[in-house]
Amino acid sequence: MRILISALAMLAVTACEPTFQVPDAAGAVAPPATAAPAANRSLSQGEDLMRQVAQRIEPIAESTCRAETGRSGNFCDFQFQIAPGDQPNAFQTFQNGYPLIVFNEAMLRTVRNANEVAFIMSHEAGHHIAGHLQRRQQQVGLGGLAGALILGGLGGDAQAGADLGQQIGGRAYSQSFELEADVLGTYIAELAGYDPVDGAASFARFAGSSSILATHPPGAQRYGTVIATAQQIEAQRAQGLTPTIPRN
């Protein structure tokens, strides 16, 4: 089993590199403790805050999408939706050919301020721009194939190997995807006039893990990435440059 996990982990890392650079200097930085307490607002107040932030984030996210992907039309026409849910969550998906960013009700009740909404919204837009849904599907398929071949070759159950390979293939690279989306989210939120570092302080409330089977990296690693990215933006502006998202 250890051999299978190690082999699939290496395959997941080498099969697909992130499109956008995560700053090399990014290290673990603990989010401030003052960011840990969640807000306790009504759902209607949360909905109003989401709509206000979306008015500023949407045009920046869509222009960034067109510039970075070379695509237009429905592909970069972000839609927003609210879903039921007792545990705070936000995610990106597709609906009728449009990219959809969803906040659930618990998230809207507990986000601290507009900076948090803006960063979370921008982060989810970053997932779409970087093509993470499609890339994850590729990793799942590749992991399943590798798992079947490896475990079957060792005399084990090829189907069990495929199932485990799909699980590892889908998750092993997810942490890199999260950091990549954090970089894109930092740029989008900053360009829209929000403070992404303050927004990313929400990591104080959301746990992560360095385990290969975890989908999200530790919050301190993500917060450090946002700080390093914000410093990149500041340095670009100091040189009189328009902030540009660095690619690999």
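Only heavy atoms go into these numbers, but all of them, side chains included; no hydrogens, no water, no symmetry mates. Since the structure is predicted, the reported quantities are computational estimates derived from the model, not experimental observations. Numbers here simply count residues along the sequence, with the first being 1.
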message: Pair I188, I129 - check side-chain contact (heavy atoms from CB on, under 4.5 Å), show working.
response: CA-CA 11 Å; I188 293 169; I129 293 168; 3.9 Å; yes

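- Taken from OG1 in T242 to CD in Q236, the straight-line distance is 9.0 Å, to the nearest 0.5 Å.
- Considering CZ of R71 and CG of D77, their distance stands at 13.0 Å, rounded to 0.5 Å.
- In this structure, N113 contributes its side chain and E116 its backbone to a donor-acceptor pair below 3.5 Å.
- Panel note: side chain R247, backbone E68; a donor-acceptor pair is recorded below 3.5 Å.
- Every residue meeting the side-chain contact (heavy atoms from CB on, under 4.5 Å) condition with T110, not counting sequence neighbours, appears here in chain and number order: A38, P88.
- No continuous path of hydrophobic side-chain contacts links Y98 to I60 [ILVMFWY only; heavy atoms under 4.5 Å].
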- request: Show the numbers, then the answer: is there a side-chain contact (heavy atoms from CB on, under 4.5 Å) between V117 and M107?
  value: CA-CA 9 Å; V117 176; M107 179 68 85; over 6 Å; no

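- Remark: Q232 CD to Q21 CD distance equals 7.5 Å, nearest 0.5 Å.
- Nearest approach of P32 to Y223, heavy atoms of both residues: CD-OH, 3.4 Å.
- Although no hydrogens or angles enter the test, the distance criterion places no donor-acceptor pair under 3.5 Å between the side chain of R222 and the main chain of A200.
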message: Go through it in stages, so that I can follow the logic: the residues are H127 and E180, the test is side-chain contact (heavy atoms from CB on, under 4.5 Å), and I'd like the CA-CA distance, side-chain angles, deciding distance and then a yes or no.
response: CA-CA 8 Å; H127 277 307; E180 190 178 17; over 6 Å; no

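- Take E105 and apply the salt bridge (charged side-chain N to carboxylate O under 4.0 Å, His left out) test, not counting sequence neighbours, and it matches no residue.
- F78 and V102 fall into different hydrophobic clusters, where Ile, Leu, Val, Met, Phe, Trp and Tyr side chains are chained together by heavy-atom contacts under 4.5 Å.
- The line from CD1 of I233 to CG of L241 is 12.5 Å long, rounded to the nearest 0.5 Å.
- The line from CG of L184 to CZ of F20 is 5.0 Å long, rounded to the nearest 0.5 Å.
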message: For a side-chain contact (heavy atoms from CB on, under 4.5 Å) check, start with the C-alpha distance between V226 and T229, then their side-chain angles and the critical distance, and finish with the verdict.
response: CA-CA 5 Å; V226 172; T229 302; 5.7 Å; no

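- For the residue pair E178/H123, the side-chain donor-acceptor check at 3.5 Å is satisfied.
- Under the 30°/60° scheme for interplanar angles, the aromatic rings of F75 and H128 are found to be tilted.
- In this structure, a donor-acceptor pair under 3.5 Å is absent between the side chains of N115 and Y194.
- Rounding to the nearest 0.5 angstrom, the gap separating the CG atom in L100 from the CZ atom in F91 is 7.0 Å.
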